[in-house]
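Numbers here simply count residues along the sequence, with the first being 1. Fair warning: this is a prediction, and the values are worked out from it, not measured in the lab.
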Amino acid sequence: MNHEEFLQRAINLAYENVEQKEGGPFGAIIVKDGTIIAEGVNQVTANNDPTAHAEMVAIRNACKTLNDFQLSDCVLYSSCEPCPMCFGAIFWARPKSVYFAATAQDATAIDFDDAFIYEQLSKQYQDRAIPFIQLSVEDKIKPFNAWLASIEKMKY
C-alpha cells in the first residue's frame with residue numbers, strides 16, 4: 001500500500017464511525033514496515049472519554065501491540081489534521097512522520113474548533129477560559145528530585 005491508500009483507510013474508518021453512530025468523524029491508523037499495526041476511531045462520546053480521539057486510540061493500540069511507549073519506526077495516518085492534544089501525544093510517541101487529509105479549518109467548518117485551544121495556550125494563566133492557578137507548595141520539586149536521584153528511571 002502507498003501513503004494515499006493508508007490515508008484512505010483512516011478516512012474510511014472515520015466515515016464508518018459516523019455511519020455506525022459510535023463517535024465523531026475521525027479515524028487514524030499506524031503503520032510499521034508497510035503493515036497496519038493499529039487503528040483508532042473517535043470514541044469520545046461512545047466512551048465518555050474526552051481523550052479518546054482517533055489518534056490517541058491508535059497510539060495506545062500501537063504501543064500495546066509493540067510493547068513500547070515510542071513509535072519511532074512508525075507512520076501515523078489521520079483522516080484530519082491532529083488537534084492540540086493529539087499533536088502533543090504524537091510528539092511524545094515520536095513516529096517518523098504523520099500524514100493527514102482534512103485540515104483544522106475543515107474541522108472548524110463542522111464545529112470542531114481547535115483554534116480556541118491554541119488561543120488559550122497563549123494567554124496568561126489567570127486569563128484563560130478555565131483559570132490555571134499555580135500554588136507555591138514547599139514540596140513541589142520533591143518528585144523531580146526523586147526522579148533525578150533514581151537509578152531505575154527510563155528517559156523518554
Query - Donor-acceptor contact present, side-chain Asn61 to main-chain Ala58, <3.5 Å - result: no
Query raised in the report: Do any pairs count as a side-chain hydrogen bond (donor to acceptor under 3.5 Å, both in side chains) and have a residue in residues 129-145, sequence neighbours left out, and if so which ones?
Result: none
Report task. Could you grab the distance from atom SG of Cys63 to atom CG of Leu71, nearest 0.5 Å is fine? Result -> 4.0 Å
Report task. Please answer: with hydrophobic residues joined when any side-chain heavy atoms are less than 4.5 Å apart, are Leu7 and Val31 in the same cluster? Result -> yes
Report summary line: Between Ala14 and Gly27, the two heavy atoms sitting closest are CB-N, 3.4 Å
Query - Non-hydrogen side-chain atoms of Ile90 and Leu76 separated by less than 4.5 Å - result: yes
Report task. Output all residues satisfying side-chain hydrogen bond (donor to acceptor under 3.5 Å, both in side chains) with Gln8, sequence neighbours left out; order by chain, then residue number. Result -> Asn12
Query raised in the report: Any chance the side chains of Ser150 and Glu152 put a donor and an acceptor closer than 3.5 Å?
Result: no
Report task. State, to 0.1 Å, how close Ala101 and Ser79 come at their nearest heavy-atom pair, and which atoms those are. Result -> CB-O, 3.4 Å
Report summary line: Rounding to 0.5 Å, atoms CD (Gln105) and CG (Asp114) come to a distance of 9.5 Å
Query raised in the report: Can you name the closest pair of heavy atoms from Asn17 and Gly24 and give their distance?
Result: ND2-O, 2.9 Å
Query raised in the report: Is there a donor-acceptor contact under 3.5 Å from the side chain of Arg128 to the main chain of Gln120?
Result: yes
**Report entry** Contacts of type side-chain hydrogen bond (donor to acceptor under 3.5 Å, both in side chains), residue Asp113, not counting sequence neighbours
**Finding:** none
Requested in this report: Could you pull out the closest heavy-atom pair between Met56 and Ala89, with the gap in Å?
Outcome: SD-CB, 3.3 Å
Query raised in the report: Considering only heavy atoms from C-beta outward, does the side chain of Leu13 approach that of Ile29 to under 4.5 Å?
Result: yes
Requested in this report: Take Val41 and Val57 through the side chain to side chain contact (heavy atoms under 4.5 Å, CB included) test and state the conclusion after the steps.
Outcome: CA-CA 7 Å; Val41 293; Val57 172; over 6 Å; no
Query raised in the report: Among all residues two or more places apart in sequence or in another chain, which pass the side-chain hydrogen bond (donor to acceptor under 3.5 Å, both in side chains) test with Ser78?
Result: Glu55
Query - Donor-acceptor contact below 3.5 Å, side chain Lys153 vs main chain Trp147 - result: yes
Query raised in the report: Any chain of hydrophobic side-chain contacts (each under 4.5 Å) joining Ile11 to Phe100?
Result: no
Query raised in the report: Please, which pairs that meet side-chain hydrogen bond (donor to acceptor under 3.5 Å, both in side chains) have at least one residue in residues 31-47, sequence neighbours excluded?
Result: Arg9-Glu39, Gln43-Asn47
Query - Set of side chain to side chain contact (heavy atoms under 4.5 Å, CB included) partners for Glu5, sequence neighbours left out - result: Met1, Asn2
Requested in this report: Show your working on side chain to side chain contact (heavy atoms under 4.5 Å, CB included) between Cys74 and Ile37 and close with a plain yes or no.
Outcome: CA-CA 9 Å; Cys74 299; Ile37 62 163; 4.0 Å; yes
Query raised in the report: With sequence neighbours excluded, what pairs up with Val75 under the side chain to side chain contact (heavy atoms under 4.5 Å, CB included) test?
Result: Tyr77, Lys96, Ser97, Tyr99
Requested in this report: Evaluate the side-chain proximity of Pro25 to Phe112: yes if any heavy-atom separation is below 4.5 Å, no if none is.
Outcome: yes
Report summary line: Connected to Trp92, directly or through other members, by ILVMFWY side-chain contacts below 4.5 Å are Phe69, Met154, Tyr156
Report task. List for me each residue that meets side chain to side chain contact (heavy atoms under 4.5 Å, CB included) alongside Phe91, sequence neighbours excluded, and say none if there are none. Result -> Phe87
Report summary line: Note: with side-chain heavy atoms under 4.5 Å as the link, the other cluster members for Val137 come out as Ile133, Leu135
Query raised in the report: Which pairs pass salt bridge (Lys or Arg N to Asp or Glu O under 4.0 Å) with one or both residues in residues 58-83, sequence neighbours excluded?
Result: none
Query - Trace of the side chain to side chain contact (heavy atoms under 4.5 Å, CB included) decision for Asp49 with Val44 - result: CA-CA 5 Å; Asp49 179 355; Val44 171; over 6 Å; no
Report task. With sequence neighbours excluded, tell me which residues meet side chain to side chain contact (heavy atoms under 4.5 Å, CB included) with Gln126. Result -> Gln124
Report task. Specify the closest pair of heavy atoms between Pro50 and Met85, including all atoms of both residues, with the distance to one decimal. Result -> O-CE, 3.7 Å
Query - Least distance between heavy atoms, Gly34 atom then Phe6 atom - result: O-CZ, 3.5 Å
